**Student:** 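Take a look at this one; I'll ask things after.
Order of the sequence lines fixes the chain letters, A, B, ..., with proteins taken first and strands second; residue numbering starts at 1 for each chain. Everything numeric here is computed off the predicted structure, so don't read it as measured data.
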Protein chains: 4
Amino acid sequence: MTATATEASAPRLRADASRNRERIVNAAREALVELGPDVPLDEIARRAGVGNATVYRNFADRRELVHHVACSVMRRVSEHARAAMAEEADAFQAVVRFTLAAAEEQISALCPLVSEHADPNHPELAQAGEELTALVTEVITRAQQAGAFRTDVGVGDYLVAVTQLTRPLPGTGCLTAEGWSRRHLLILLDGMRAPARSELPGRPAGMEDLKRP
Amino acid sequence: MTATATEASAPRLRADASRNRERIVNAAREALVELGPDVPLDEIARRAGVGNATVYRNFADRRELVHHVACSVMRRVSEHARAAMAEEADAFQAVVRFTLAAAEEQISALCPLVSEHADPNHPELAQAGEELTALVTEVITRAQQAGAFRTDVGVGDYLVAVTQLTRPLPGTGCLTAEGWSRRHLLILLDGMRAPARSELPGRPAGMEDLKRP
Amino acid sequence: MTATATEASAPRLRADASRNRERIVNAAREALVELGPDVPLDEIARRAGVGNATVYRNFADRRELVHHVACSVMRRVSEHARAAMAEEADAFQAVVRFTLAAAEEQISALCPLVSEHADPNHPELAQAGEELTALVTEVITRAQQAGAFRTDVGVGDYLVAVTQLTRPLPGTGCLTAEGWSRRHLLILLDGMRAPARSELPGRPAGMEDLKRP
Amino acid sequence: MTATATEASAPRLRADASRNRERIVNAAREALVELGPDVPLDEIARRAGVGNATVYRNFADRRELVHHVACSVMRRVSEHARAAMAEEADAFQAVVRFTLAAAEEQISALCPLVSEHADPNHPELAQAGEELTALVTEVITRAQQAGAFRTDVGVGDYLVAVTQLTRPLPGTGCLTAEGWSRRHLLILLDGMRAPARSELPGRPAGMEDLKRP
DNA sequence: AATGAATGAGGGTTCATTCAT
DNA sequence: AATGAATGAACCCTCATTCAT
């Protein structure tokens, strides 16, 4: 059994099983963004073109599925951060580019899911989060060091505000992301440019302020 | 006075019944903001300290309860708009004051409810919405005419962006409103000050762009 | 207190209370016939123009209300039996007349109620039933003794068959009684005339066969 | 064979699922006849030996279940009509045989269901009804043409009267069908024999008179 | 005495999850 | 391994009945 050898280390999936897994995660992302966090798992199975039990074979429960969807999105957004820093000469322009790219991934639509419907302490999710966090921090810090980004605005402020502005508009499918959110993000970023036009209450929020007890 | 007028049509409520009705609406607002639009009505009843059927006696179904919660909040926010215009000499400062006051009413938490869980065409709700809309438009327009507010930002832009920034942060109770949203709102408003610091794509969104087919 | 004297013996009702009682019984009969045995008591109260609790003040529960409705109808039908025998010379014609009169009282609509929703052993109901039974038996027996009514058909047969034919036609309000049931009753009665046109299985059913264990 | 054809459109049921479906329909027929049209679906599930949700998997709601029960019974009764005409030489005897056979299927118990608890316009139900109607009309018409059946009694009269006589006696399980209804049906049929023994008010009711607006 | 309001138990229905094929 | 079917828990809502005015 040559196959058995590899199975031991990381139970390597059969080709079709692996394909199913991916289709489920993609279907889940779409369905979650479109129908919200309470979308029936049967609906996800239907979109993926598999039986509902197959979802459970791959993901023990909803939390685990959400977990993988979140990891997947975070990794893609991290890529955007790397690309923005590598390819944009102007530090503030890198912030703008990254912000718009992240918005298109609808990363924010997944935030409600993570906190409520997945375990934020899971190592894999934590690691994807930390990597993303580090990259975002770098993007922002560079712009601040270039004197283009207000220093009374922290990375935590940036992340939460951007997330909020790109969340799907309530009673709609999710159309805002495509249509308006670009305008609103740019307005917000204008407000984040140095010099500051007003005095903010409280202190700049860092990443550590996002942790919840 | 004004309250009595609103409910004048009903044959006059008994003292205790009236108290219950109010407790239910208040419990509903809290629960809706805290647990989201799918909060079980039994939970609302529990918080209000009444049996579940009492909720149904007062409000035929979830839609009707949401309807009343929404009307109630809208009226209070309209009051804030009037006060801001009456008491603030500086036109932009009126925008700031109104924005922060509306945020504290958590009006944004109710938007998802109205669009999905109530009938936006109900006369009472429509009227409350129109009154609020007219007032917000006035607040913004005054600031624009004073040369303090970007003219490439419309009332629709303002409303959606502010709504988004004040929505309860997903997997949390709702704490963001109190804590951070003030900072984010002020940053956004800084981005809305004239002169514009960047060029926005698309056209300013007016109130009419909020209507959905 | 001249009034008090009479109250002692049989707690004589105040004029308005007595009127209410009667209105409730009448509303109940109508509602029961029209909407079926599961009609909400609130609907009966509404039709009677009283509060729902007034129904309970007069009748401890649904069973008791049904009880009184049944007694009331039975007494009226008994009157028809007496009148038919007194005023019809032909014995079979007395059967016909009584049958049609009873049908118009919709007595049959109430049978389902009595057996299921009231206590058939209650003295008052039992007595009304016995009186009615005795009268019907007399009507039938006279016709048999006159040689006009099949002797292989018993009073029990007659009662059940007539009851069935005059029950409200299922998915309708109750229209059959008025419209068609006259025709069907007359056809049935034609089948009951002597001489018999066929041989029936079993034995003639008497009143005693209606009792159920 | 015939059964398979009926359900041919569905992608093919698993053996156990098919068994369950049938058990549910049978349990439903029994329970509906015994407890009436308001029988809790949980009771039906209990009798069928399945969980309540299984009923919903097979039949979207009560209406759909009733629909299938009604179709099933109608088809069986149509068979009786065909058999009676094929095997009985005497035309009136065919009426008698068919009537008793239909009674044993307790078809009448289902009438209240169809009109109120199912969609009488559903194609499948409508077709089953039309087929049955045509067959019954033929059975009666043949007897009339043979001079054995009153011509002042229409098919509509026949159907309604027979239906009423075979309905389960109200506050009882349903025992009357087996026990007494045979006697009453035969008496009624005696009344329908030619020549007529009395003059009926109104006009003979045809099938078209059963339709309701 | 009579009312309007409050209640709790129960039915219909949906959905996450488990089981048998 | 993958599927379709089965399940029970939870929610919404109604109604008989009791309570406070």
**Student:** Within this structure, what is the CD1-CG distance for the pair Ile44(A) and Asn26(A), rounded to the nearest 0.5 Å?
**Tutor:**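 One gets 11.5 Å once the value is rounded to the nearest 0.5 Å.
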**Student:** Could you check whether Val55(A) gets within reach of a base, just the sugar-phosphate, or nothing at all, counting any heavy atom under 4.0 Å?
**Tutor:** nothing
**Student:** Applying ring-ring contact (aromatic ring centres under 6.0 Å, His included), name anything that partners Tyr56(D), two or more places apart in sequence or on another chain.
**Tutor:** none
**Student:** Could you please name the option among dC19(E), dT7(F), dC15(E) that lies closest to any side-chain atom of Val50(D)?
**Tutor:**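 Given the options dC19(E), dT7(F), dC15(E), the side chain of Val50(D) is closest to dT7(F).
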**Student:** So, does Arg21(D) use its side chain to make a donor-acceptor pair with the main chain of Asn58(D) at under 3.5 Å?
**Tutor:**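 It does hold such a pair.
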**Student:** Measuring from atom CE of Met74(C) to atom CG of Leu125(C), what distance do you get when rounded to the nearest 0.5 angstrom?
**Tutor:**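 Met74(C) atom CE to Leu125(C) atom CG measures 5.0 Å (nearest 0.5 Å).
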**Student:** Quick test of your reading of the model: are Arg19(B) and Glu22(B) salt-bridged, counting only N-O distances below 4.0 Å?
**Tutor:** no
**Student:** Using the side-chain contact (heavy atoms from CB on, under 4.5 Å) definition, which of the options Asp61(A), Leu65(A), Asp42(A) pairs with Val55(A)?
**Tutor:**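 Testing each of Asp61(A), Leu65(A), Asp42(A) against Val55(A), the sole residue satisfying side-chain contact (heavy atoms from CB on, under 4.5 Å) is Leu65(A).
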**Student:** Which whole-number value in Å describes the distance from Arg62(B) CZ to dC13(F) P?
**Tutor:**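 So the CZ-P distance, Arg62(B) to dC13(F), works out to 8 Å.
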**Student:** Atom CG of Asp38(D) and atom C1' of dG10(E): how far apart are they, to the nearest Å?
**Tutor:**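 Taking atom C1' of dG10(E) as the reference, CG of Asp38(D) is at 14 Å.
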**Student:** Can any side-chain N or O of Glu43(C) pair as donor or acceptor with the backbone N or O of Val39(C) at less than 3.5 Å?
**Tutor:** no
**Student:** Could you walk me through whether Arg47(C) and Glu34(C) pass side-chain contact (heavy atoms from CB on, under 4.5 Å), step by step?
**Tutor:** CA-CA 12 Å; Arg47(C) 289 182 182 223; Glu34(C) 204 168 311; 3.3 Å; yes
**Student:** Tell me the interatomic distance from Tyr56(C), atom OH, to dT17(F), atom P, rounded to whole angstroms.
**Tutor:** 4 Å
**Student:** Expressed in angstrom and rounded to an integer, what is the separation of Arg21(D) atom CZ from dA6(F) atom C1'?
**Tutor:** 15 Å
**Student:** So, the side chain of Arg23(B) versus the backbone of Ala48(B): is there a donor-acceptor pair under 3.5 Å, distance only?
**Tutor:** yes
**Student:** May I have the distance from Asp61(D) (atom CG) to dG12(E) (atom P), rounded to whole angstrom?
**Tutor:** 11 Å
**Student:** Considering only side-chain heavy atoms of Arg57(A), which listed nucleotide, dT17(F), dA2(F), dG4(F), is closest?
**Tutor:**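 Ranking dT17(F), dA2(F), dG4(F) by closest atom to the Arg57(A) side chain puts dA2(F) first.
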**Student:** Just N and O in the side chain of Asn20(D): are any of them under 4.0 Å from OP1 or OP2 of dA6(F)?
**Tutor:** yes
**Student:** Using heavy atoms to find the nearest nucleotide of DNA chain E for Asn52(D) and Gly51(B) separately, return the residue whose nucleotide is more 5′.
**Tutor:**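 Looking at DNA chain E, the more 5' nearest nucleotide goes with Gly51(B).
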**Student:** Over how many whole Å does the gap from Leu41(C) atom CG to dA16(F) atom P extend?
**Tutor:** 5 Å
**Student:** Once you round to the nearest 0.5 Å, how far does NE2 of His68(A) lie from CD1 of Ile24(A)?
**Tutor:**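 Rounded to the nearest 0.5 Å, the NE2-CD1 separation comes out at 11.0 Å.
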**Student:** When the distance from CG of Asp42(B) to C1' of dA9(E) is rounded to whole Å, what number comes out?
**Tutor:** 12 Å
**Student:** Please map the stems of DNA chain F, keeping only stretches of three or more Watson-Crick or G-U wobble pairs with both distances under 3.5 angstrom.
**Tutor:** E:2-21 with F:2-21
**Student:** Round to the nearest Å and state the distance from Leu32(C) atom CG to dA16(F) atom P.
**Tutor:** 11 Å
**Student:** Please determine, for the side chain of Asp16(B), which listed nucleotide (dT21(F), dT14(E), dG8(E)) has the closest atom?
**Tutor:** dT21(F)
**Student:** Which residue, Ala60(D) or Gly49(B), contacts DNA chain E at a nucleotide closer to its 5' end, judged by nearest heavy atom?
**Tutor:** Gly49(B)
**Student:** Please work out which residues in residues 22-30 of chain B have a non-hydrogen atom less than 4.0 Å from an atom of DNA chain E and list them by number.
**Tutor:** none
